[in-house]
Number of protein chains: 2
Amino acid sequence: MSLDSFDRALLDAVQRDATTAQHALGEQVNLSSAAVNRRLKKLTADGVIRKTVALVDPASVGYSLTVITEVQVENERLDLLDAMKRTFMACPQVQQCYYVAGEYDFVLIMQVKHMEQYTELTRALFFESNNVKRFNTLVSMSNLKVGLEVPLLA
Amino acid sequence: MSLDSFDRALLDAVQRDATTAQHALGEQVNLSSAAVNRRLKKLTADGVIRKTVALVDPASVGYSLTVITEVQVENERLDLLDAMKRTFMACPQVQQCYYVAGEYDFVLIMQVKHMEQYTELTRALFFESNNVKRFNTLVSMSNLKVGLEVPLLA
DNA sequence: TCTGAAAATGGACCTTT
DNA sequence: AAAGGTCCATTTTCAGA
């Protein structure tokens, strides 16, 4: 399951654009299209490629507000933390959720339609939780860079 | 450029899995494969679908650490902010970058190989900037939910 | 690596509202 | 006009030799 430089070059190409035809990828990295096909298949089977997805522009579908929320919990009991994790993950407006070390315990990246929807969600997610000590809201004025790319050539 | 329920259903499907064949998508939403093809093409041309990409598992390629950094600037002069934005965006380990309102000015999501690499990057990105007042580091212990999906059915 | 079969894409054309 | 459906050529994928 070790990756050579061909694999890295392929991963780098498809994480930028997964619509490129395999023969074109082959030209870029100097492999036959069959070799490209085999490698991509293996990378997917091995889980190196988690999935292939279309990135939808949030603003185009009415989600024009990105909010980052830091959450500090009251009690770190495992069952309570687990319940919170599940609540956060189940919320479709919570696009990303990280369990972090430091002053705060969770960082959420949320996509909402407008401020009211966020206010509503804070009620459901934080006020009604009974285990949130406090939370801090950072409103994004500009999403300068959004992606899930991993450095592969550096 | 308005989206009907067919468009929404298609977007929802492809943002989960863009490898689904168009005829299969057509069955799911009750359209012919040609209609699916036309709609997806238009959604892409209109920028509703920003791009189609493969999601690479960071850990599989040696990037096993996710760090979230909040950055407060010293001086909000536009040219200085702009220079910072460019520096952040140009760094491949900075996967996401948000310009936010509140106590801090930037939030960065970074993918690094290990703590040393992060330490090195803080030097390059923050200490050498001359315009960073302070920064706060949140180390992710668990990436509970990672994605860029937008709620489309809710 | 090459070849070829099966599948998917995407355009042309006609029909419906 | 705008959008759907059917049909068909072209391209792409992907397995076996």
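This structure is a prediction, so every number in the text was calculated from the model and none was measured. Order of the sequence lines fixes the chain letters, A, B, ..., with proteins taken first and strands second; residue numbering starts at 1 for each chain.
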The single option from A:Y104, A:F127, A:F106 that satisfies ring pair (Phe, Tyr, Trp, His ring centres under 6.0 Å) with A:F135 is A:F127

Between CG of B:D4 and C1' of D:dA3 the distance, given in whole Å, is 10 Å

A:K85 NZ/CZ over A:Y99 ring centroid, <6.0 Å and within 45° of normal: yes

For nucleotides 2-17 of chain C, give me one character per nucleotide, 5' to 3': B if any protein heavy atom sits under 4.0 Å from the base, S if the only such contacts are to the sugar-phosphate, - if neither. B-----SSBS------

Answer whether the closest heavy-atom distance between the side chains of B:V94 and B:M110 falls below 4.5 Å. yes

Find the distance B:L25:CG to D:dG5:C1' and express it as a whole number of Å. 17 Å

How close or far is atom P of D:dA2 from atom NZ of B:K42, stated in whole angstroms? 10 Å

Indicate whether the side chain of A:D17 and that of A:T19 have a donor and an acceptor atom separated by less than 3.5 Å. yes

Can you tell me how far C1' of D:dT13 sits from CZ of A:R39, to the nearest Å? 18 Å

Can you tell me if A:Q96 and B:Q96 form a side-chain donor-acceptor pair at under 3.5 Å? yes

Please determine, by modelled atom types, if B:E74 and B:N131 share a side-chain donor-acceptor pair under 3.5 angstrom. no

